[in-house]
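Hydrogens, waters and symmetry mates play no part in the numbers below; they use all other heavy atoms, side chains included. Each chain gets a letter, A, B and so on, in the order its sequence line appears, and its residues count up from 1.
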Amino acid sequence: MKEKDSEEDNHKKVRMMKAEQQYIDLFTQCEDMINGHSAEVMSRLRRQAFADFCRLGFPTRKQERYKYTDMAKLFEPDYGLNLNRLDIPVNPYEVFRCDVPNMSTALYFVVNDAFYNRALPKGHLPEGVILGSLKEMAELYPELVAKYYGKLADTSKDGIVALNTMLAQDGFFLYVPKGVVVEKPLQLVNILRADVNFMANRRVLIILEEGAQAKLLVCDHAMNSVDFLATQVIEVYAGAGSAFDLYELEETHNATVRCSNLFVQQEADSNVMLNGMTLHNGITRNTTEVTLTGRGAEISLLGMAIEDKQQRVDNNTFIDHAVPDCKSYELFKYVLDDSAVGAFAGKVLVREGAQHTSSQQTNRNLCATREAHMYTQPQLEIYADDVKCSHGATIGQLNENALFYMQQRGIPQKEARLLLMFAFVNEVIDEIRLEALKDRLHRLVEKRFRGELNKCQGCTLCKE
Amino acid sequence: MQNNNKSERLAEPYEVEEKSAQKGVTEEEPNKLIKQIAQEKYKYGFTTDVHTEVIERGLNEDTVRLISAKKNEPEWLLEFRLKAFRYWQTMEMPTWAHLTIPEIDYQAISYYADPTVKKKGPKSMDEVDPELIKTFDKLGIPLEERMALSGVAVDAVMDSISVKTTFKETLMEKGIIFCSISEAVREHPDLVKKYLGSVVPYRDNFFAALNSAVFSDGSFVYIPKGTRCPMELSTYFRINAANTGQFERTLIVADDDSYVSYLEGCTAPMRDENQLHAAIVEIVVLDRAEVKYSTVQNWYPGDAEGKGGVYNFVTKRGHCRGVDSKLSWTQVETGSAITWKYPSCILGGDNSQAEFYSVAVTNNYQQADTGTKMIHIGKNTSSTIISKGISAGKSQNSYRGLVRVAEKADNARNYSQCDSLLLGSQCGAHTFPYMDIHNETAIVEHEATTSKISEDQLFYCNQRGIPTEDAIGLIVNGYAKEVLNKLPMEFAVEAQKLLAVSLEGSVG
């Protein structure tokens, strides 16, 4: 028996190492090229990240946080990388149709993992705000970037964060200085564009100083019908009294793998809203870690996924109440059709002494077919007594009585179902603090439920 | 006045029925008093001086063969044990629980202790060692004829051996078999062979494999078709001898259209070293049968510094095999240094139902990682989970539960509610529910809250002259009432007292 076990282990190891080996080889062979096309501040961390990656490898399903998605398998195929930073011919405006009507945003593009410099919005940002390519800003303001870059995203704990740190060459950078309010919502469109199966490693760094305010909408699109693998690490520092909204909207295609790691650190009285909406995707894994380090900090963590076919969404959240008097609110909703698989694991940790914590977590899911599987795992870990924490999770179907009621009133069953599903996810959309975006999402969601979006191949078909 | 009361009470360590407020005293010498309280509170901490045959410490194939030989077991059972033992050797102790478990040296434990060795099976009460009867008297088990009044049939398991089973004849008339598992192996080998290991196979987990290899005794219950068991069946477990582990095995089979309510209680002496308790409970529920299983677990929890205490690593599982079958687990967990168990239900039969009601109290350095698993396989199955965790002192209390709805389990329904109450700022309360849903017709709900006793409630009680400590007792009992109400009468009273006792000294 023992022999059989170890044989299995060995087998697994061999398979596992195969997934890792190609990245290890890649880095060893191309280290200079990677460094040559990136900023020194970013390259400083590569060696350590490489060592961590070699040690950790990809997380396995034996690890509690990756129980529902086999990561190594996703990284196993042979993807092309653009380490040499060859210019990829693209006109973002041609691809980009997901405009938000009635909302004037400052629009920026990241093509694969490179910031697109040739299409910058007119109009000026408030003084002192720094925005642009992470690579360029790291060269222009090395001290500022070095102070924050890679500090939250700990490479020693997660193989995928290590991999991203080791390979990422560029991305997006936003710095809002003390007391500055960026009124106009910022919009960042990530476009995946390639002719061969392609891997992109994006990196985003966002710094809000004391009292600063900004809103950022990030949209993910895949242009070509090749396989994409996108890893992304976002680090957000919210200074004391700052306010930041981050909306992430994924509208890619069935052959896209997205692996995002979002780290947020909040100082006293800061207010952050994170909203991750998956409208169309292949396999998505979103890890979100929020640390509340200052009293009075508030976090709203929202998420929504509409899935069908073989799509998979795995959201893993962790909120760390490290100090007293903080508030967290979490709401995740899934609608699963066909053979889709949804997973949600949310952990709230209230550390010793973090009294007067208020934490609420809700996860609600609709399963439309037998083949659709939902896994949910809401967790509370509490070491302080004067707290108010609750979580709730449900999995079920549409209310038969409500359906019947509507049919009685002449609404066809199909329409009634749509209405109910629509109302179900609306709760997440209604939390959005941008009116125009809310309207836009209502439309997108409706279209999604009607199956219209499903026909699209890449983003060009999202057009009205 | 209060102080006087207090000092009197300290002189009588076993009088714990009444609680008294001890404010003021705690402030002066908190540590000393807490120590005293922690020690006096465990009233079952005595040892009994009976002749006990303990086999040598250590575990190897010979130990397994020795246990089997001592019990004159048939060949098939020895084979079962050996298979389990060989499998156990290939396993490692799991580490995923939210528990800090000091390393257990499985070779330092004696796997068999027999307190009845001097006499070969007591034939009447006169033959039972008087010390042993005294033990059970202290435990408050009505072992004698007074049992008739309370109407409970008891199978008492001390260390590894089933000491005496009362009311056997009365039950026999109805065709009910209630005896020790070793006796069942001798007298009803077909039944045992058919059901043993069928719910918890020896490969199930580390401790199940260990238990399957070395289990020494336990209870066996068989309720024949169409029979309603006229009285509540009960087992009392006690670890008495030092350095022994207790590995009992309970097997309950409820045949078609039958009903039984089964109670289980446990205590252990106070010892500085930790004792291991790794039991298996298997329940088979056939067509339209109903089984109610209640536990009041009060193993020695260790002292106020976390020294000693029982490791309670138990595998309990029921299989609702028949249609319309019903299984209900009720547990009150107040003892043990570490509790690690998940009484589970496999809802195999169509329309089967399962319930899990639990109160888990941890104080001082106790740790608990407990909950349930509800595996829905049959159609139209439903399950309810109500779990109340109370943590005090420096303890850690976790609820971990799984609700799985298999692809064919149409119209499965689950409702789970897990509440945690925190008393004190150094303890932890955690909730880890898992829901794996593979069928679109399932409706699964989970709710959990964590809070402390509200100041308003305490103030209200204080205003009306109820001392804080009593008020907390009241509130906690009210909080746990939903579960306590599910316990049979005799246990409910005991459980309420236990709750109060376990928490005494935790506030102040």
Original post:
Among A/T369, A/N363, A/V341, A/N365, who wins on heavy-atom pairs under 4.5 Å with chain B?
Top reply: A/T369
Original post:
How far apart are the closest heavy atoms of A/E352 and B/S425, and which atoms are they?
Top reply: CG-O, 3.7 Å
**OP:** Pick whichever of A/Q377, A/H373, A/R364 has the most heavy-atom pairs under 4.5 Å with chain B.
**Re:** A/H373
Original post:
Given a strict heavy-atom distance threshold of 4.5 Å, which part of A/A393 is in contact with chain B: side chain, backbone, both, or neither?
Top reply: both
**OP:** Could you note down all residue pairs passing salt bridge (Lys or Arg N to Asp or Glu O under 4.0 Å) where residues 369-386 of chain A supplies at least one of them, sequence neighbours left out?
**Re:** A/K347-A/E381, A/R370-B/D410, A/R370-B/E440, A/D386-B/K452
Subject >> Heavy-atom pair of closest approach, residues A/Q397 and B/I443 >> reply: NE2-CG1, 4.1 Å
**OP:** Give, as side chain, backbone, both or neither, the part of A/T376 having an atom under 4.5 angstrom from any heavy atom of chain B.
**Re:** both
Original post:
Who wins among B/D436, B/D419, B/V405, B/I453 for the most heavy-atom pairs under 4.5 Å with chain A?
Top reply: B/D436
Original post:
CZ of A/R65: more than 12 outside heavy atoms within 6.0 angstrom?
Top reply: yes
**OP:** Give the intermediate values and the outcome of side chain to side chain contact (heavy atoms under 4.5 Å, CB included) for residues B/M435 and A/M374.
**Re:** CA-CA 8 Å; B/M435 278 165 265; A/M374 182 68 210; over 6 Å; no
**OP:** Decide side chain to side chain contact (heavy atoms under 4.5 Å, CB included) for B/H438 and A/Y375; before the verdict, give the C-alpha distance in whole Å, the side-chain angles of both, and the deciding distance to 0.1 Å.
**Re:** CA-CA 9 Å; B/H438 297 225; A/Y375 302 93; 3.3 Å; yes
Original post:
Top residue by heavy-atom pair count (under 4.5 Å) with chain A, among B/I437, B/T441, B/N439?
Top reply: B/I437
Original post:
Given that the side chain runs from C-beta out, which part of B/Q426 has a heavy atom under 4.5 Å from chain A: side chain, backbone, both or neither?
Top reply: both
**OP:** Search all heavy atoms of A/I382 against all heavy atoms of B/H430 and return the closest pair with its distance.
**Re:** N-ND1, 3.0 Å
**OP:** Measure A/Y68 against the heavy atoms of chain B and call it side chain, backbone, both or neither at under 4.5 Å.
**Re:** side chain
Subject >> chain B contact via A/Q361 - which portion, at a heavy-atom distance below 4.5 Å >> reply: neither
